[in-house]
Asker: 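The structure's right below; bear with me while I get my questions together.
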Amino acid sequence: MLNAQYDESDVQSLKTEVEYRTKLQDIINKLYAAANLDEILIDLKDDITSLFEAERLTVYVVDGVKRELVSRFKSGAEISEIRIPLSTHSIAGYSAYKQTLVNIKNVYNKDELESIDDQLNFDSSWDEKTGFKTKEVLAVPILFKTFLLGVVQIINRTSGDAFTEIDEQSVNELSKILGIALYNQKRIARSRVNNKFAYLLENHLLTQKELEKAVSEGRQRKESVEEVLINEFKIPKKEVGKSLAKFFNTRFVEYNPQTAIPGELLVGLKLNFMRSNFWVPLCKEEDKIVIVVDNPGDLQKIDEIKSLFSGKKLTFHVALKPDILEFISLFTQDSQELAEIGDILSQLEAESDETEDQEGLLDEQDSAVVQLVNKIILDAHARGASDIHVEPYPGKNNTQVRIRVDGNCYVYQTIPYNYKSAVVSRIKIMSDLDIAERRKPQDGKIKFKKYGGKNIELRVATIPTQGGLEDVVMRILAAGEPIPLDKMGFSEHNYDKFIGCITNPYGIIFVCGPTGSGKTTTLHSALGYINKVETKIWTAEDPVEITQKGLRQVQVRPKIGFDFAAAMRSFLRADPDVIMVGEMRDRETTHIGIEASLTGHLVFSTLHTNSAPESITRLLDMGMDPFNFADAILCILAQRLVLTLCKECKQSYHPTREEFDELVREYNEESFEKNTGITYSDDLKLFKPKGCGICNNTGYRGRMGLHELLLGTDEMKRFIQSKAHMEELREQAIKDGMTTLKQDGIEKVFAGYTDLIQVRKVCIK
């Protein structure tokens, strides 16, 4: 009787196993024969979950670009897409990372996870987001030979038991078939020679169905497929560019507003022809002209372009149509009164032969030269430049024009060599300088309104250079209202102390730093804070850059003997409360400033020194009386401008312990915790640059001030009177609460405004 029962249960078990194997084989056959993997997985979803007596199924594929697992197919509709890193911080990620099968009875049992691997962790955030409770998980990597293609993950047995050994064998077989199917799809995508987007398909950034939809939408909207993919399907522009570059076997060029205008390459080209055919010359690389075009495979278009540059070597790079139109606009932008740059240069070319002998015949009053100089100034102003550098080279080398934006120089355009004298002469005429004098430096000023319509003022300096040439540097003066003091980027401590100094009735205040560090802007912001009807304020500047109602502003003229010292003497006879002097560069001006501060006036000025303590030694070296100077000094503010991270694209991240310790070391370990109160923790976040269209893919946009405020405390005054060394002055200033430039910069790193790379670029201590 017992034998009979045993035989019966044996038969039943065998029958169940045969049914199980039959179901599995049926699934495998359907997968193997399927033309479309996504569609067959939808059809087989219930069959697969039923086979394993499970609640959920997810098939992940490897995103080859981001090195992540992305859900290609999943049951359950709570989340449309899951992305997880190839790491031990999730079960599927661990299975892929270690290329091993994982079978877990309870994902919330930490002991069970640690028994598999100390590093294995379950990411419970997905359960929290969806409300679905994960318990049993069976995960296996999808491999083809040695290639990792994805992961199959089966979740929650309906019985609540763990997945069996038979389930492990079955899921292994399933993963092998999926490996073959995924590999074949990659191979087919690769073999579609006419598909510009094979790279996106291969790396699972896009499915075939999505591509077909993008093509259809592009036709309906009369937009390119690339635009639809970027705008509607949120495929990163760089990835679309990579796909095009691989297909055309060339380089992808993205629009950059800092691109130099290739003046000589635009000569004779028709603007409408470039716009309608989506191409533009970009630059010269060695002996080749670089052309960007939307379709380097269009042989008819390429032949037409080649015919315009006969006898010259060309190389073609691919770019998106909107970017090409942006390049064309950038190369030709100006106010309506001006001709296009190509027309200007064509006109110049027609009026002169391409020989050195003819160079001198070009007239600085020539209409094309006038238009060209006007365009350079207007374009630089439109791009937010602070300076324009015109740099002629000897012989038949083209003249280079560079502009400085946010503290960095960029090539704006090149001008053919035979126009160099005419362009420099034109600028000298606009500046009222002697055009016959080429051996000595000259300084002048351009009021651009009478030449080009816009109210722009420029300070001009000409400098003789090698080969009998002259460089011209034009500083675009920042007209307009001062920036409010609370928008200057002061730390709370420095702001309160600086306000305390500038609201004193008398004394002297210095702002120091190199050229272009924002000293004048800070002084005007300080004057704006104290500019009241009851306060008489005189300023002596060279030149007057910022104007304020209520200030009596004077432009000094050293050529006629009206220098800063003369202006100061006249101010003292004109009933002042506050005096601001553009710069104290000589003994006489500094002496008068200190005397004025001791006789009941508040005096502001700038110095070209690197740090606040260094300013004291510089002034004492100039022969200042240490006792008078010590009595007069209220504070010295050292300043730098640092590039800030773009607010639109900066990325937060958790710094490593080593990175945190490096910042603390740079700051000074003793002062760090006392001044900042920041400690290393899991919640600590810093920011890093990423790059987007708004910041020209640099990751940085705009600048802010770093400050070092030395206060004229009683102890500091005693050190000044004893002519102490700079190191002693520095130590005392820190005791008095001064944060150095670098320390202020590191505090701004932790506040998320900038990063250590930029801080190091502008200050040492």
Side-chain angles (χ1 to χ4, degrees), residues 66-67 85-90 93 97 114 117-121 123 125 407 489-495 497 513 610-614 638-647 649-691 695 698-710 726-765:
K66 295 182 179 175
R67 298 298 295 162
L86 289 169
S87 72
T88 56
H89 295 297
S90 67
Y97 187 71
E114 284 178 12
D117 192 300
D118 292 341
Q119 304 252 317
L120 181 57
N121 184 33
D123 183 358
S125 63
F490 280 98
S491 67
E492 192 177 335
H493 167 80
N494 283 340
Y495 180 77
K497 296 290 183 187
N610 290 321
S611 68
E614 190 182 313
Q639 180 168 310
R640 296 289 186 282
L641 291 178
V642 66
L643 278 172
T644 51
L645 294 164
C646 173
K647 290 176 185 174
C649 68
K650 66 179 181 181
Q651 280 186 320
S652 66
Y653 71 99
H654 178 59
T656 62
R657 184 80 211 197
E658 292 75 20
E659 190 177 350
F660 177 80
D661 289 344
E662 185 188 3
L663 285 165
V664 173
R665 266 195 313 276
E666 294 264 10
Y667 190 97
N668 180 283
E669 291 179 36
E670 290 177 26
S671 309
F672 183 77
E673 197 167 342
K674 184 178 77 174
N675 290 354
T676 68
I678 297 168
T679 56
Y680 188 75
S681 69
D682 292 340
D683 299 328
L684 183 64
K685 278 191 169 47
L686 295 182
F687 290 84
K688 60 183 177 183
K690 183 186 175 188
C695 63
T698 62
Y700 301 97
R701 187 162 177 253
R703 292 188 291 175
M704 76 183 304
L706 303 184
H707 303 101
E708 178 178 281
L709 185 63
L710 181 149
M726 194 184 77
E727 291 76 16
E728 295 174 289
L729 295 168
R730 185 185 188 80
E731 282 174 24
Q732 183 57 48
I734 290 168
K735 282 180 190 171
D736 293 336
M738 181 183 86
T739 52
T740 67
L741 287 164
K742 185 178 271 188
Q743 287 175 342
D744 193 44
I746 290 169
E747 287 180 19
K748 287 178 167 85
V749 170
F750 280 104
Y753 294 116
T754 187
D755 58 21
L756 187 58
I757 295 167
Q758 297 304 325
V759 173
R760 280 177 174 157
K761 278 184 180 178
V762 297
C763 57
I764 298 168
K765 293 183 179 178

Asker: Nearest heavy-atom pair of Gly752 and Phe687: which atoms, and what distance?
Answerer: CA-CD1, 3.5 Å

Asker: In terms of the angle between their ring planes, are Phe750 and Phe672 parallel, tilted or perpendicular, with boundaries placed at 30° and 60°?
Answerer: tilted

Asker: Taking Asn494 for its side chain and Lys497 for its backbone only, find out whether a donor-acceptor pair lies under 3.5 Å.
Answerer: no

Asker: Just do the side chain to side chain contact (heavy atoms under 4.5 Å, CB included) check on Leu663 and Leu686 with the steps written out, would you?
Answerer: CA-CA 11 Å; Leu663 285 165; Leu686 295 182; 3.7 Å; yes

Asker: Quick check: does any side chain N or O of Asp123 sit under 3.5 Å from a backbone N or O of Ser90, one acting as donor and the other as acceptor?
Answerer: no

Asker: Taking side chain as C-beta onward, heavy atoms only, is Ile764 less than 4.5 Å from Lys742?
Answerer: no

Asker: Could you tell me whether the side chain of Ile746 reaches within less than 4.5 Å of the side chain of Leu756, counting heavy atoms only?
Answerer: yes

Asker: Of all residues at least two apart in sequence or in a different chain, which pass the side-chain contact (heavy atoms from CB on, under 4.5 Å) check with Lys690?
Answerer: Cys649, Gln651

Asker: Main chain of Tyr753, side chain of Thr644: is a donor-acceptor contact present, judged purely on distance under 3.5 Å?
Answerer: no

Asker: Start with the C-alpha gap between Lys688 and Glu659, add the side-chain angles, then the distance that decides, and say whether salt bridge (Lys or Arg N to Asp or Glu O under 4.0 Å) holds.
Answerer: CA-CA 13 Å; Lys688 60 183 177 183; Glu659 190 177 350; over 6 Å; no

Asker: Short question: side chain of Arg760, backbone of Asp755 - any donor-acceptor pair under 3.5 Å?
Answerer: no

Asker: Between Gly705 and Asp744, which heavy-atom pair has the shortest distance, and what is it?
Answerer: O-OD2, 4.2 Å

Asker: So how far is it from Thr88 OG1 to Asp118 CG, rounded to the nearest 0.5 Å?
Answerer: 10.5 Å

Asker: Where do Ala638 and Ala612 come nearest, in terms of heavy atoms and distance?
Answerer: CB-N, 3.7 Å

Asker: For the OG1 atom of Thr740 and the NE2 atom of His707, what is their distance to the nearest 0.5 Å?
Answerer: 13.5 Å

Asker: Check step by step if side chain to side chain contact (heavy atoms under 4.5 Å, CB included) holds for Glu662 and Arg665.
Answerer: CA-CA 5 Å; Glu662 185 188 3; Arg665 266 195 313 276; 3.7 Å; yes

Asker: Tell me every residue that passes side chain to side chain donor-acceptor pair (under 3.5 Å) with Tyr680, counting only those two or more places apart in sequence or in another chain.
Answerer: His654

Asker: Drop me the distance from Glu614's CD to Leu729's CG, to the nearest 0.5 angstrom.
Answerer: 11.0 Å

Asker: Working to the nearest 0.5 angstrom, can you tell me the gap between Glu708 CD and Arg640 CZ?
Answerer: 8.0 Å

Asker: Say you draw a straight line from CD of Glu731 to CE of Met738; how long is it, rounded to the nearest 0.5 Å?
Answerer: 10.5 Å

Asker: Taking Lys748 for its side chain and Gly489 for its backbone only, find out whether a donor-acceptor pair lies under 3.5 Å.
Answerer: yes

Asker: What's the spacing between Leu709 CG and Leu741 CG if we round to 0.5 Å?
Answerer: 11.0 Å

Asker: Heavy atoms, side chains only, cut-off 4.5 Å: are Tyr667 and Thr676 in contact?
Answerer: yes

Asker: Does Glu673 CD have over 12 foreign heavy atoms under 6.0 Å away?
Answerer: no

Asker: Whether the side chain of His493 engages the backbone of Gly737 through a donor-acceptor N/O pair (distance < 3.5 Å, no angle test) should be reported.
Answerer: yes

Asker: Is the closest side-chain heavy-atom distance between Leu706 and Thr754 below 4.5 Å?
Answerer: no

Asker: Identify, with sequence neighbours excluded, every residue that meets salt bridge (Lys or Arg N to Asp or Glu O under 4.0 Å) alongside Asp661.
Answerer: Arg657

Asker: Tell me which one of Ile757, Leu645, Val759 satisfies side chain to side chain contact (heavy atoms under 4.5 Å, CB included) with Val749.
Answerer: Val759

Asker: Identify the heavy atoms of Gln639 and Leu641 that sit nearest to each other, and give their distance.
Answerer: NE2-CD2, 4.5 Å

Asker: Can you tell if the side chain of Leu643 reaches within under 4.5 Å of the side chain of Lys761, non-hydrogen atoms only?
Answerer: no

Asker: Should the heavy atoms of other residues, nucleotides or ligands under 6.0 Å from CZ of Arg701 be counted, would the total exceed 12?
Answerer: no

